[in-house]
Amino acid sequence: MSNTYPLSLSFVIPAYNAEKTITRTLDSIFRLTLDRADFEVVVVDDCSKDNTPAVIEAYASSHPNVVLLRQPENHRQGAARNRGIAAAKGEYIAFVDADDEVAEGLVVALKKGLENKVDMVLMGIRHLMNGKFAEEFLTDADDGVMDAAALFEKYTMDKWSFWVHVWTYLWQHEFLDKVNRPFVEDMLFEDTDFLWHHLLRAQRVTTCSDVAYLYFQTQGSTARTLDWRHLSDHQLLIVRIMQEVFPPEHASEQIVALSHKIKEERAWKFKELTKIHMLTKLDLKALRRLYANLDAHCDRASVWQAISTTPYLSPAKTSWVKLFLHHKHLTISLAYTRHLLREVKYLFKKKQGE
């Protein structure tokens, strides 16, 4: 603790229509062996249309360290998390989704963070699908303090599927204040954008091998829903990460061309794209161009060659981009493009036959 951050830990929970799950989430926090005078729970209601605020208020009546903040307008999880960070008083911050749970490993992670004064702690994750155990991701028990590039040279996507989520980490509040990069608002996958920006700046990170977070996933959740908004935001995510690693004056022509292309395609209005009857043959041609452009310019070998010959990149940043090329969002974006192109072709033909 310090004068700047009077508590050891702040939990920040964005909540939207979470009346059925938020109590379970809060109960898991209060089962932890933490001094209740040394942590707080900041829940940010994002204009829920159900009884989420009332459920939280009832819980807070018997748990004085639960704070409810209400957003005036819905700008998705990024805005809610930004509001929570601004209000947080903890030396470390744990992001928790309103349908997930935390486990005792988080207490171990907090102790390790406080003792080593690290920017981030990568924690153990248990994944549950439809309430049943699916898989577990644990780090080695003997990991010491390292920089972020070294951490992810060890824990690549082949071994660690959930490192792209902000709830996989415990975050030092001072580090977040120093970087001063808020979550992007009104966009899906805002946590991956936030994570990459901070990983490129983290100098001291460590791990906790104990399970600290229980990720509950169901069919139809945000991470599994396929629509135009997901495709568009995945592509925007790629652009933002490319711009982060490749400033315009140093980026290869190939990267710049891809960035501009994705921006052009994203310029279509989302509402127009979702109304199949408004799609024309020109729309389909544009989709084919987008698919071809991504498929041609996101080839790992060719892009890696461009990256390797970019003078701006230090060896550390080169390793980051290599990881990015293996990053599932690139693969998913390509897969989404192919899937949606097939889907739109089918619907367009069906409409023509009516």
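Residue numbers run from 1 in the order of the sequence given.
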Hey, what do you get for CD1 (I22) to CG (D99), rounding to the nearest 0.5 Å?
-> 9.0 Å
K178 NZ to Q203 CD distance, which is reported to the nearest 0.5 Å = 8.5 Å
Euclidean distance, L114 CG relative to K112 NZ, rounded to 0.5 Å | 13.0 Å
Are E40 and K89 close enough for a salt bridge, meaning some N to O gap below 4.0 Å?
-> no
Hey, would you say the Y92 and Y169 ring centroids sit under 6.0 Å apart?
-> no
Is the distance between the ring centroids of F175 and H198 less than 6.0 Å?
-> yes
Answer yes if Y59 and V42 sit in the same cluster of Ile, Leu, Val, Met, Phe, Trp and Tyr residues linked by side chain heavy atoms under 4.5 Å apart, and no otherwise.
-> no
Mind checking whether F95 and F183 have ring centres under 6.0 Å apart?
-> yes
Between L26 and V96, is there a shared hydrophobic cluster once you connect ILVMFWY residues whose side-chain heavy atoms come closer than 4.5 Å?
-> yes
Is the backbone N or O of E19 less than 3.5 Å from a side-chain atom of T52, with the two atoms forming a donor-acceptor pair by type?
-> yes
Taking C-beta and beyond as the side chain, do L199 and M120 meet within less than 4.5 Å on heavy atoms?
-> yes
I93 and L69: same hydrophobic cluster, using ILVMFWY side-chain contacts below 4.5 Å?
-> no
Between D46 and R76, is there a donor-acceptor pair closer than 3.5 Å when you use the side chain of the first and the backbone of the second?
-> yes
Between W167 and Y213, ring centroids under 6.0 Å | yes
Common cluster, L195/L176, ILVMFWY with side-chain heavy-atom separation under 4.5 Å = yes
Rounded to the nearest 0.5 Å, how far apart are CG of D45 and CD1 of I13?
-> 12.0 Å
Just wondering, do F39 and L34 contact through their side chains at under 4.5 Å, heavy atoms?
-> yes
Reported CD1-to-OG distance for the pair I56 and S48, which is rounded to 0.5 angstrom = 7.0 Å
From T33 OG1 over to E104 CD, what is the distance, rounded to the nearest 0.5 angstrom?
-> 3.0 Å
Does NZ or CZ of R24 lie under 6.0 Å from the centre of the six-membered ring of F216, at an angle within 45° of the ring axis?
-> yes
Are Y215 and D97 side-chain neighbours, meaning at least one heavy-atom pair lies under 4.5 Å?
-> no
Should W171 and I85 be counted in the same cluster of Ile, Leu, Val, Met, Phe, Trp and Tyr side chains packed under 4.5 Å apart?
-> yes
Residue pair D140 / T207, side-chain heavy-atom distance below 4.5 Å | no
Side-chain donor or acceptor of D119 paired with backbone N/O of V205 under 3.5 Å | no
Between R83 and E185, does at least one N-O distance fall below 4.0 Å, as a salt bridge requires?
-> no
Any M146 side-chain heavy atom under 4.5 Å of R204 side chain | no
Given the side-chain rings of F137 and H127, with only the six-membered ring counted for Trp, is the space between their centroids under 6.0 Å?
-> no
May I ask you to decide whether E174 forms a salt bridge with K117, counting only side-chain N to carboxylate O separations under 4.0 Å?
-> no
